[in-house]
Protein chains: 4
Amino acid sequence: MTVTNQKVRRKKDQILMSAIKIVNERGHEGATMEEIAAELQMTKGSLYYYFKNKNDLLYQCHHLVLSRAIAEHEDHLLENLSPEQLLRKMVSTHISFAINEREIFSMMIDPKRTFDDGQLESVLLLRKKYAALFDEVIRRGIASQQFERSEVVLVRMFILGAMNWVQQWFNEEGRFNQEQLIEEYADYVLKLLKK
Amino acid sequence: MTVTNQKVRRKKDQILMSAIKIVNERGHEGATMEEIAAELQMTKGSLYYYFKNKNDLLYQCHHLVLSRAIAEHEDHLLENLSPEQLLRKMVSTHISFAINEREIFSMMIDPKRTFDDGQLESVLLLRKKYAALFDEVIRRGIASQQFERSEVVLVRMFILGAMNWVQQWFNEEGRFNQEQLIEEYADYVLKLLKK
Amino acid sequence: MTVTNQKVRRKKDQILMSAIKIVNERGHEGATMEEIAAELQMTKGSLYYYFKNKNDLLYQCHHLVLSRAIAEHEDHLLENLSPEQLLRKMVSTHISFAINEREIFSMMIDPKRTFDDGQLESVLLLRKKYAALFDEVIRRGIASQQFERSEVVLVRMFILGAMNWVQQWFNEEGRFNQEQLIEEYADYVLKLLKK
Amino acid sequence: MTVTNQKVRRKKDQILMSAIKIVNERGHEGATMEEIAAELQMTKGSLYYYFKNKNDLLYQCHHLVLSRAIAEHEDHLLENLSPEQLLRKMVSTHISFAINEREIFSMMIDPKRTFDDGQLESVLLLRKKYAALFDEVIRRGIASQQFERSEVVLVRMFILGAMNWVQQWFNEEGRFNQEQLIEEYADYVLKLLKK
DNA sequence: TATGAATGAGGGTTCATTCAT
DNA sequence: GATGAATGAACCCTCATTCAT
């Protein structure tokens, strides 16, 4: 990759981070190209040098986020842990993303109304991949007879939903800190799954 | 209340129903005053006779839906059921609302972005009341030693999150229908809570 | 037709005239909705109450103009004149339109790049109708053996082109006035056609 | 001229050819500097090394095309042909340009809208020269008593208009090909002029 | 009460143009 | 000579809101 491409890549990433921040503050309809640009002391027009249009920008935000989370989960999968240990790590990763990269993760909501066909396909693929990681662990647990047989897809949805919701209310100053929250939630998840 | 006021009240309700429908279809940013009015064969301008502005209309939609859900839960609470039976009913009510009043209900997700201060206070109050209903049942279960001791607030958040998330993916044509979904989810909830 | 519809109709016509004027001065790409509105002391946004978008406005301009010209030609056709007399009248009408309603007529130029499929079809139909009026007269002349046999379509194109071009250069203060021009051009046309 | 200047000259010509092509495809408002540059695997910015601005580029396109057409006509004038033969050749040249250099040639239609004062003067001069070539032939024909006496300017306008119009409708796939069209049109022109 | 009509602020997008490197 | 990057003005269009009737 040329030096130039690296610079473009870095700039694109900056814009993405800026966009993610604004979108999270204002919602993806409330976020304007103007604001996203202003965050980086650029002008609206400049964004179009890097992204085809607002939708494209939004799409790439989404893509970036999901990719990172997937990568982290995949690292865990390579570590050769028991299903329970593995799942605890994944819960931790997921909730950490949801809280600490709140801006990023909250974009998981409602792609169907936002993206066009080409983008949607790609996003849906990535989401499927993300979900599959959890399904995989759950299936391992069932196979090793540590987890109860169940509708894997449904229980995974249940768990992901519970964890995603954390962003809506979690607040560092509240009664629980992040670690406690994660531990507690991991317990819930395992109680749900184990025999 | 005068006859006139009754008529106004009735019209307001019609508008709310129309608004709820459109908002559920298009999202609250995608819904336009034009469409909401058209649904009732009115014109945009007329809406402003009944509601101060779009925000006010949206707020009252939200209020209405949340109130109804609360009322339904409260009915269950009066029925003198076991904590388990009660919770199953509440899960059913909640998920039904989440699916059928998709968008309006999901305004719960981020009211701070939508409502102004006066409205926000009222909404937050209603939400607190809503949450308290679940806490109440959980506490009853713990008191009767059917449910395990736990951080009531945390586990309630976990459960509500799991159920809210349903709107993101549930689809009538999928592998599970609404009833099956509810039953399964109720099982999960109870597995989580019971000793 | 209701009174209201009449008022809308009249307003629409005003806007069309305004649009025609601006488009003629600036070209249809150079003409902005802003300017068209300003001409009538309206605001940009108001135009969208009457027309779906710029393209629609442009389309209706075009349609209006052609319809009027067609109507005038059709009046002549009913008058029971000899092909030569008829053609002289049509030349007069066409050139008059081209000069006096310059703004209007110059829109006949290049619809393919401006209109979308639905509009294009309608415009093309109207143009075909317009052309057919001339073809009809030419055919009558040939049938009555006053005009020479020829490729009707081609010779009609030749004639219309010659007349349309007048708008590009004619100028009231020039060596010829409008009447002289029309008479001379009618002579050319007939010289071209007659045996 | 230095070697460098020659290279610049050659590059300028390449750009002009590219611009002419794009303008002919997209119209002079639809053509973007980006596209023109892309055609030559250059970047937008580079064009500004060779041309002051888009208008300048357009102007030079126009100038080039018009000059070529004039040159071609002048070649014919040197060939010592009869007025009729000469005119046929000129009709052929003109129509060929009108069709093949569609957009550039049709800038002839309204230069006042496109060019600034300095450019306009030059263009108008060139056009006058162009028209004069036709007038010359017509006068020769009248002088040699082959053509009928007439208002030379008017009849020339008539003829040029008829030929320019060809761009509006001619289409390679139509009933007539370019050669047939030219022959037929030449016949019309001569029928118009000859005694 | 209801509406037709108008408004204006603002958003997304395009593109000619500039300029440091 | 050439380019990458940025700019900003302008444009089309949407929509909540207003107000006279």
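On a predicted model such as this, the values are computed, not experimentally measured, just so you know. The sequence lines fix the lettering, A, B, ..., with proteins before strands; numbering per chain opens at 1.
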**Q** I need the CD-C1' distance between E29(C) and dA16(E), as an integer number of Å.
**A** 15 Å
**Q** Counting side-chain heavy atoms from CB outward, which of dC13(F), dA16(E), dA16(F) is closest to K54(C)?
**A** dC13(F)
**Q** Do M17(B) and L64(B) make a side-chain contact, defined as non-hydrogen atoms from C-beta onward lying under 4.5 Å apart?
**A** yes
**Q** In the structure I gave you, are the side-chain heavy atoms of N24(D) and F105(D) within less than 4.5 Å of one another anywhere?
**A** no
**Q** Report, one pair per line, the protein and nucleotides 5-9 of chain F atoms (nitrogen or oxygen only) whose separation is under 3.5 Å.
**A**
unit_1, atom_1, unit_2, atom_2, d
dA5(F), OP2, Y49(A), OH, 2.8
dA6(F), OP1, K11(A), NZ, 3.3
dA6(F), OP2, Y50(A), OH, 2.4
dT7(F), OP2, T43(A), N, 3.1
dT7(F), OP2, T43(A), OG1, 3.2
dT7(F), OP2, S46(A), OG, 2.8

**Q** Distance check needed: dT17(E) P versus M33(D) CE, whole Å only.
**A** 6 Å
**Q** Both N55(B) and E34(C) contact DNA chain F. Which one's nearest nucleotide lies toward the 5' end?
**A** E34(C)
**Q** Starting at atom CG of N5(C), determine the distance to atom C1' of dT3(E), rounded to an integer number of angstrom.
**A** 14 Å
**Q** Does either side chain, that of T114(D) or that of Y59(D), offer a donor lying less than 3.5 Å from an acceptor on the other one?
**A** no
**Q** Do L66(B) and F97(B) touch side chain to side chain, with heavy atoms closer than 4.5 Å?
**A** no
**Q** Given dT18(F), dC12(F), dT13(E), identify the nucleotide with an atom nearest to the side chain of Y48(A).
**A** dT13(E)
**Q** Nearest whole Å is fine: how far is dT1(E) P from R9(B) CZ?
**A** 14 Å
**Q** Rounded to the nearest 0.5 Å, what separation is found between the CD1 atom of I36(B) and the CE atom of M42(B)?
**A** 11.0 Å
**Q** Test L57(A) against every option in H28(A), K52(A), M33(A), K12(A) by the side-chain contact (heavy atoms from CB on, under 4.5 Å) rule and name the one that passes.
**A** M33(A)
**Q** Once you round it to whole Å, what is the distance between P of dA16(E) and NE2 of H28(D)?
**A** 12 Å
**Q** For I22(C) and dC11(F), what is the distance between atoms CD1 and C1' respectively, to the nearest whole Å?
**A** 15 Å
**Q** Starting at atom NZ of K52(D), determine the distance to atom P of dA16(E), rounded to an integer number of angstrom.
**A** 16 Å
**Q** Check the angle between the aromatic planes of F115(D) and H62(D) and answer parallel, tilted or perpendicular using the 30° and 60° thresholds.
**A** tilted
**Q** Counting runs of three or more consecutive pairs, Watson-Crick or G-U wobble, with each distance below 3.5 Å, where are the stems of DNA chain F?
**A** E:2-21 with F:2-21
**Q** Side chains of V23(C) and I20(C): does their closest heavy-atom pair fall under 4.5 Å?
**A** no
**Q** Rounded to the nearest angstrom, tell me the gap between atom CD1 in I36(D) and atom C1' in dT17(E).
**A** 14 Å
**Q** By the 4.0 Å heavy-atom rule, please label A37(D) as base, sugar-phosphate, or nothing.
**A** nothing
**Q** Picking from R10(C), K11(C), R9(C), what satisfies side-chain hydrogen bond (donor to acceptor under 3.5 Å, both in side chains) with D13(C)?
**A** R9(C)
